Number of protein chains: 2
Amino acid sequence: MTEASASPPSSREKILDVAEALFARRGYAGVGLREVAEEAGLGKSSLFHHFRSKAEIYLAVLARVLERVNERVAPILASGGSHLERLDRVLDSLIDSLAEHPTTARLLLRSLFEDDDLPDTDDVKRAAEEIDRSLAAILDRMLRLLRDGIEAGSFRPASARHTLQTLIGATVYHFASGELGEALFGRPVFSAETVRRRKEEIKNLVHSGLAAAPVAAPAGGRP
Amino acid sequence: MTEASASPPSSREKILDVAEALFARRGYAGVGLREVAEEAGLGKSSLFHHFRSKAEIYLAVLARVLERVNERVAPILASGGSHLERLDRVLDSLIDSLAEHPTTARLLLRSLFEDDDLPDTDDVKRAAEEIDRSLAAILDRMLRLLRDGIEAGSFRPASARHTLQTLIGATVYHFASGELGEALFGRPVFSAETVRRRKEEIKNLVHSGLAAAPVAAPAGGRP
DNA sequence: GTCTATAGCTAGATAGAC
DNA sequence: GTCTATCTAGCTATAGAC
């Protein structure tokens, strides 16, 4: 769980890598262990030496993904600066984290949908709750930033919860949009240029909204 | 396809209703036709009298969902009023349409992910392209509204594409967030109160952003 | 238009040799 | 720790009686 190893990937890690890619592409039910084993260069039965069940593999993948995101975002949430500065940096780091591993956004979104697929054993329920807690911790810290900012008057009075939902949608959905996003931008949403622009656009929207500055202002003219 | 019938549901409609609920909950690969047949009150083989394959059922469900959304949103996109007014009304109608059928948001999001699951026959590819066109038509009209508004100076200079992605995320993701959304708001995201508030919050964010109005700033200072 | 029966396959998981 | 062999159960889809 805690090793930041640089050693050659263990079978366990190899399995998780392969499973992560497949689960992101086709979801829990859409992936067969035969395929996982093949791409990992193992026999199907060998998977069961490292994990007790398919569900355990899936949950291990999810836990790893969440930890990756948390590693990036948590230090920023705990850092200093004004509320708006911190929010900007959180958005940047979240976007970086979603852009770096193209599987992340899809897995996170899918995890919201796919609870029903998992078997109802105690092991699985415990692991799933662990993941829920991990996700809730991240979201709680983001909520607190929003609430604090609103209370301090740095942010407009707004529902912190709704704002959080909007920010999740603006980041996670965007990087999960795959072919649709690619069709829209004419290049993958993970391309450096699109990622850079995404950060800019989200921050602009968060800062100023979409409506043009109220006219009387002489400074805010059109390009 | 075109009948707005009030007659008792045909077997075909019954199948689509049941399949829509199941596909939304567990995705294409996660649903078996046995379960669809059972809940529709039919034998499994009877499904194949109405549809040629599982994929055809799935695509018929998707097409129906898209048509439902389009029915609501298209007239508004074609209506008059300022760009900002039209955008507000489009968001309202999109949210109404997502709130009315709790399956819609999940099916739409899933449809972005689940291309890979479908078999590669010509029939399926044609039906899938038809759905892509239908979705692209809606998005194109929204893109045009954004572009026109930007060009006319009604909206702040921004990337129409990125803004569209943000709006999709803010609406579709929100109503697909299920248990997470419910945990966040303390009630289902489909509850009347949450829906009403969602419209308000999104429109506020779109109008003004999140940052507090620059205090006593002598008009026009760049945020 | 619905049914029973079944074909042909793949799934997740286990047993036990090496 | 990996393998082959196998189990049971599920799947999509078809054939053909009623």
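Keep in mind the model is a prediction, meaning the values are calculated, not measured. Proteins get letters first, then strands, A, B, ... in listed order; numbering begins at 1 in each.
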Could you check how far [atom1] of [X] sits from [atom2] of [N], rounded to whole Å?
X	N	atom1	atom2	value
Leu42(B)	dC3(C)	CG	P	6 Å
Leu47(B)	dT4(C)	CG	P	13 Å
Phe48(B)	dA13(D)	CZ	P	5 Å
Arg26(A)	dT10(C)	CZ	C1'	13 Å
Glu56(A)	dA13(C)	CD	P	10 Å
Glu35(A)	dC9(C)	CD	P	19 Å
Leu33(B)	dA11(C)	CG	P	17 Å
Asp117(B)	dT12(D)	CG	C1'	14 Å

Presence of Ser53(B) side-chain N/O under 4.0 Å of dT12(D) phosphate oxygens OP1/OP2: no
Any His49(B) side-chain N or O less than 4.0 Å from OP1/OP2 of dC3(C): no
Which of the following nucleotides, [options], is nearest to the side chain of [X]?
X	options	result
Ser46(A)	dA13(C), dC3(D), dT2(C)	dC3(D)
Arg34(A)	dT2(C), dT14(D), dT10(C)	dT10(C)
Ser11(A)	dT2(D), dT2(C), dA13(D)	dT2(D)
Ser45(A)	dA13(D), dT2(C), dA15(C)	dA15(C)

Side-chain donor/acceptor of Arg86(A) to backbone N/O of Leu145(A), under 3.5 Å: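 Between the backbone of Leu145(A) and the side chain of Arg86(A) there is no qualifying donor-acceptor contact (under 3.5 Å).
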Phe185(B)/His174(B) aromatic ring centres below 6.0 Å: yes
Taking atom types as modelled, find out whether [X] and [Y] have a side-chain donor-acceptor pair closer than 3.5 angstrom.
X	Y	answer
Arg68(A)	Ser97(A)	no
Glu201(A)	Ser159(B)	no
Thr121(B)	Arg52(B)	no

Touch class at under 4.0 angstrom, heavy-atom based, for Val36(B) against every strand present: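 Touches nothing.
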